[in-house]
Number of protein chains: 2
Amino acid sequence: MAVAFQTHDHARCTDSAMTNARAICAARGLRLTPARARVLEILLEAHRALGAYDILERLNAEGKPAQPPTAYRALDFLVSNGLAHKIEGQNAFIACTHPDRDHDAAFLICRACHTVAEAPRAAASGSLGQAARSLGFKIERTVIEAEGLCPRCQGTTPPC
Amino acid sequence: MAVAFQTHDHARCTDSAMTNARAICAARGLRLTPARARVLEILLEAHRALGAYDILERLNAEGKPAQPPTAYRALDFLVSNGLAHKIEGQNAFIACTHPDRDHDAAFLICRACHTVAEAPRAAASGSLGQAARSLGFKIERTVIEAEGLCPRCQGTTPPC
DNA sequence: CGGGAAATGTTACTCTATAACGTTTAAGCG
DNA sequence: CGCTTAAACGTTATAGAGTAACATTTCCCG
């Protein structure tokens, strides 16, 4: 997990993530339609957070004219089912790297190369959960994001 | 701190926050212009997160026709200087309840009554800081938000 | 194979945010 | 004090993010 900052074989991790996603949808009776699968592939291939309109551009570049709802519907499906996450701090979306079950995640986002590492995380852990408990607040959803510089981009003047 | 979920005297906490903000700006050589002060007051009076266009509506309702940049400039100033925060999960802004120094904060946001409690927090604390350290990631900014139900709204069918 | 729900296509629109200009204001200095 | 200059502000226009609403198609299931 959280290997995003290390070099690795993107093609292979895309393939295995797609296979995994198909298996998950089959197991849960979800329909990973061509449109949804294509959006997930785009996210996996980009290997970083993409805006909805970045995805639209890529879809249109493939000769399939698509309007915003097409992208947003696919993204809603992927996010609802844990196959992708929304990075609220950037109005962008990223494929989940371990979509084995529902989970809230924490993200480390490099402002230079836009790589995003996803750290699995116990729901409502840490100081946030503590504060919530002491106030009687019932957490339903969390957004935990850190923006900064990844190891690769800390040394280089021009960002990787 | 984090008293937002308890009933209290809004007028008084608005006044003292404005006095505090003026003192901070004076001490730092910042200009809390009328426009900026008015936006801060609006945020304090609302006592919950407001969208930039909610603020614009209120400004216009006062007979001062204002365009988006007016609101965004004031908000940028307030956020840059720690007098307000942006709630990324809702594209909304809220006055800071303890703007004594630069700080990252964590937020508990009620989805029913829209009240926001701000919990002070050591920067890069908890699991996020741990993950970052182990990966060599340098955190510059964090977004930590929890959405759910506040104590008041958990019992009632119609939200407070 | 037919009925109904889910998914998609399409048009139009709303909300969020910023670029780029010109004008005004006010702080600092000789 | 009056000049210089940067910061703040007004204004117009536009870019970017997201959704409403409705017609059409697909495909699951009985």
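Given the structure is predicted, the values throughout are model-derived calculations rather than measurements. In what follows, chains are A, B, ... by sequence order, proteins preceding strands, each numbered from 1.
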Could you state the atom-to-atom distance from [atom1] of [X] to [atom2] of [N] in whole Å?
X	N	atom1	atom2	answer
N81(B)	dA8(D)	CG	C1'	14 Å
L75(B)	dA17(C)	CG	C1'	11 Å
L59(A)	dG9(C)	CG	P	10 Å
Y72(B)	dG16(D)	OH	P	15 Å
D54(B)	dC15(C)	CG	C1'	10 Å
L30(B)	dA8(D)	CG	C1'	14 Å
E57(B)	dT14(C)	CD	P	14 Å
L32(B)	dA7(D)	CG	C1'	15 Å

Measure the SG-NE2 distance between C113(A) and H47(A) for me, rounded to the nearest 0.5 Å. 11.5 Å
Among dT11(C), dA17(C), dT12(D), which nucleotide has an atom closest to any side-chain atom of P69(B)? dT12(D)
By nearest atom, which of the nucleotides dA7(D), dA17(C), dT8(C) is closest to the A35(A) side chain? dT8(C)
Using heavy atoms to find the nearest nucleotide of DNA chain D for N91(B) and T33(B) separately, return the residue whose nucleotide is more 5′. T33(B)
If you find the nucleotide of DNA chain D closest to R31(B) and the one closest to P68(B), which residue's nucleotide is nearer the 5' end? R31(B)
Are F107(A) and H85(A) an aromatic pair, judged by ring center distance below 6.0 Å? yes
Please tell me if the side chains of L149(A) and R111(A) come closer than 4.5 Å, counting only heavy atoms from C-beta onward. yes
According to a strict under-4.0 Å criterion, is [X] in side-chain N/O contact with OP1 or OP2 of [N]?
X	N	answer
T70(A)	dT8(C)	no
R36(A)	dA7(C)	yes
K86(A)	dG18(D)	yes
K64(B)	dC9(D)	no

Identify whether the distance between the nearest side-chain nitrogen and carboxylate oxygen of E88(B) and R141(B) falls below 4.0 Å. yes
Taking donor-acceptor contacts at under 3.5 Å, does the side chain of Y53(A) reach the base of dA15(D)? no
Assert: residue with more 5' nearest nucleotide on DNA chain C, out of R73(A) and E88(B), is R73(A)
Main chain of V116(A), side chain of R48(A): is a donor-acceptor contact present, judged purely on distance under 3.5 Å? no
